[in-house]
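Below, chains carry the letters A, B, ... as their sequence lines are ordered, and counting in each starts from 1.
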Protein chains: 2
Amino acid sequence: MDNNCGHKDKACVFHVPIFAGLSEHELLGLEALLITEMYAKGSIICYEGEDSDQIYVIQQGRVKLFTMTEDGREQIFRILEETDFFGELSIFQTEKLSFSVEALTDVRLCTIKQKDMHQLIKTQPSIALDILRTMTNRLQRAEGMIRDLGLRSAEARTASLLVNLCQEQGGDELVLSLSRRDLANIIGTTQETLSRNLSRFQDLGWIKLEGHRKIRILDHEALRDMV
Amino acid sequence: MDNNCGHKDKACVFHVPIFAGLSEHELLGLEALLITEMYAKGSIICYEGEDSDQIYVIQQGRVKLFTMTEDGREQIFRILEETDFFGELSIFQTEKLSFSVEALTDVRLCTIKQKDMHQLIKTQPSIALDILRTMTNRLQRAEGMIRDLGLRSAEARTASLLVNLCQEQGGDELVLSLSRRDLANIIGTTQETLSRNLSRFQDLGWIKLEGHRKIRILDHEALRDMV
DNA sequence: CGCCACGTTGAGAGTACTCAATTGCAGTGG
DNA sequence: CCACTGCAATTGAGTACTCTCAACGTGGCG
């Protein structure tokens with residue numbers, strides 16, 4: 001309960017995929033290097049432009065990585081949750097953060113210093129490979145976003161968002177854990193445009209809005225064809 | 001001259017950063033695994049949707065990675081040149097390519113099979129780290145593109161493009177190696193809009209268009225402020 | 001039950017797109 | 001050397017989309 005992750009028997013890192021290759025012994029060693037931090041829902045974990053020389057691993061809760069313009073418009077890069085990490089550039093260099101991070105729920109996370117990370121990778125090179133796997137997937141997702149933003153209309157991106165959420169959740173009953181504003185900021189549009197598009201999809205009979213936090217998907221095909 | 005890279009004394013891989021950590025002996029071993037291929041300017045090296053289980057390392061020339069809609073609009077993800085690689089997802093899985101690759105010049109490249117790559121990483125784990133370094137940088141660039149596409153006007157993206165090209169080339173005299181169409185497809189707009197914005201910048205006295213392939217930058221500040 | 005944040009709808013404006021016409025440039029052959 | 005040809009780039013006109021700003025609903029929580 002002191003500097004570990006709040007579990008009794010096992011450190012949180014037992015459950016993080018990128019550390020899955022470590023032995024029990026190595027995990028215990030790693031545990032000693034971690035610093036655990038707590039953030040309340042809505043608080044900012046780090047600010048774009050700050051210097052950072054550590055990796056952050058989320059133990060509990062959800063965060064958004066985003067950037068903001070002077071006039072307050074926001075683009076979300078990704079939503080991360082338990083066992084995800086960010087700040088990976090600081091493995092190699094003191095990173096000037098290119099995004100801010102906000103806690104969407106209460107969050108518990110731990111940080112690992114650059115030099116500890118180096119040591120860790122040296123003793124267990126497979127970690128680099130595990131991180132690499134995550135990074136290639138992330139790059140692919142990022143390029144998917146670039147394709148959508150560059151080539152598709154806000155309407156198509158809205159459909160794409162629904163399809164993606166469906167795939168993550170499985171089933172026809174989407175439960176939204178984000179506000180309209182955040183959803184809009186993921187697909188690079190405004191909450192008004194998103195709202196209008198959802199209404200249009202409803203008018204077309206493709207979806208059914210059930211309260212503000214639920215969407216029932218009625219026609220997967222139509223949405224997929226739109227994308 | 002058989003299955004190596006055309007050099008007499010040293011294989012091409014001597015010059016590729018991600019293999020910089022290999023010993024002379026290991027490089028010679030690697031050389032035997034490579035398959036070298038040539039592509040003429042304008043030819044397609046691989047198609048989006050194809051399965052691929054190899055990494056491609058560019059030895060000579062330049063390529064563009066892009067995706068295309070049914071109606072022919074195109075989004076370019078990145079331009080790669082000598083010593084760059086692509087297809088890194090196939091380190092982990094047989095990859096359904098999420099982009100097409102076209103040779104912008106005559107291109108010589110070599111391919112490395114997934115299983116050979118595994119072997120290579122096992123004998124020299126630092127390679128995974130070198131690739132990881134490249135991938136984190138690439139992800140950062142990708143997120144920069146997402147920010148620009150999501151938050152900035154075509155005009156601002158045009159300014160951003162000029163600033164970036166300046167940084168790459170150094171100096172006030174930009175020499176464009178891409179068509180207006182390709183440049184537009186990098187920043188997610190049309191050639192017409194790009195052309196109009198360049199003309200506007202010229203009218204404002206920020207740049208001077210000199211033929212179709214050269215741009216003289218007159219006011220770096222103004223461009224940077226626009227971004 | 002009423003408040004307040006969140007979400008939706010409406011009107012109007014601006015940006016960027018499409019399609020079409022014109023201009024500019026470079027390579028080729030007379 | 002110059003005119004011609006074909007492609008690339010620019011310019012123009014009209015349209016469509018999406019944004020902004022504002023008003024109005026709604027639903028969850030005290």
Does anything in [range] pair up under ring pair (Phe, Tyr, Trp, His ring centres under 6.0 Å), and if so which pairs, sequence neighbours excluded?
range: residues 161-191 of chain A; result: none
range: residues 53-96 of chain B; result: B/Y56-B/F86
range: residues 188-214 of chain B; result: B/F201-B/W206

Tell me every residue that passes salt bridge (Lys or Arg N to Asp or Glu O under 4.0 Å) with [X], counting only those two or more places apart in sequence or in another chain.
X: A/R78; result: A/E88, B/E143
X: B/D71; result: B/R73
X: B/D219; result: none

(request) Check each residue of residues 178-186 of chain A for a non-hydrogen atom within less than 4.0 Å of any atom in DNA chain C, then write out the ones that pass by number, or none. (result) A/S179, A/R180

What I'd like to find out is whether the side chain of [X] reaches to under 4.5 Å of the side chain of [Y], using heavy atoms alone.
X: A/K64; Y: A/V101; value: no
X: B/K96; Y: B/E50; value: no
X: B/R133; Y: B/D130; value: yes

Atom [atom1] of [X] to atom [atom2] of [N]: distance rounded to whole Å?
X: B/D203; N: D/dT10; atom1: CG; atom2: C1'; result: 12 Å
X: B/Q202; N: D/dT10; atom1: CD; atom2: P; result: 9 Å
X: B/L209; N: D/dT10; atom1: CG; atom2: P; result: 6 Å
X: B/L176; N: D/dA8; atom1: CG; atom2: P; result: 15 Å
X: B/F201; N: D/dA9; atom1: CZ; atom2: P; result: 18 Å

Verify whether one side chain among [X] and [Y] offers a donor that lies under 3.5 Å from an acceptor in the other.
X: A/S90; Y: A/Q54; answer: no
X: B/T67; Y: B/E48; answer: yes
X: B/R157; Y: B/T189; answer: no
X: B/S177; Y: B/R62; answer: yes

(request) Only counting residues at least two apart or in another chain, list the ones meeting side-chain contact (heavy atoms from CB on, under 4.5 Å) with B/Q60. (result) B/E82, B/R108

(message) Short of 4.0 Å, heavy atom to strand atom, which residues of residues 145-156 of chain A count as contacting DNA chain D?
(response) A/S153, A/A154

(message) Tell me the bend of the helix from C/dC1-D/dG30 to C/dG30-D/dC1 as the angle between end helix axes, each from five pairs, rounded to the nearest 10 degrees.
(response) 30°

(message) What does the B/S/- profile of nucleotides 20-30 of chain D look like, 5' to 3', with a 4.0 Å heavy-atom cutoff to protein?
(response) BB---------

(message) Looking at B/R141, I want to see if its CZ is surrounded by more than 12 non-hydrogen atoms of other residues, nucleotides or ligands under 6.0 Å.
(response) no

(message) Under 4.0 Å from a heavy atom of chain A: give me the 5'-most and 3'-most nucleotides of DNA chain C that qualify.
(response) C/dG7 to C/dA11

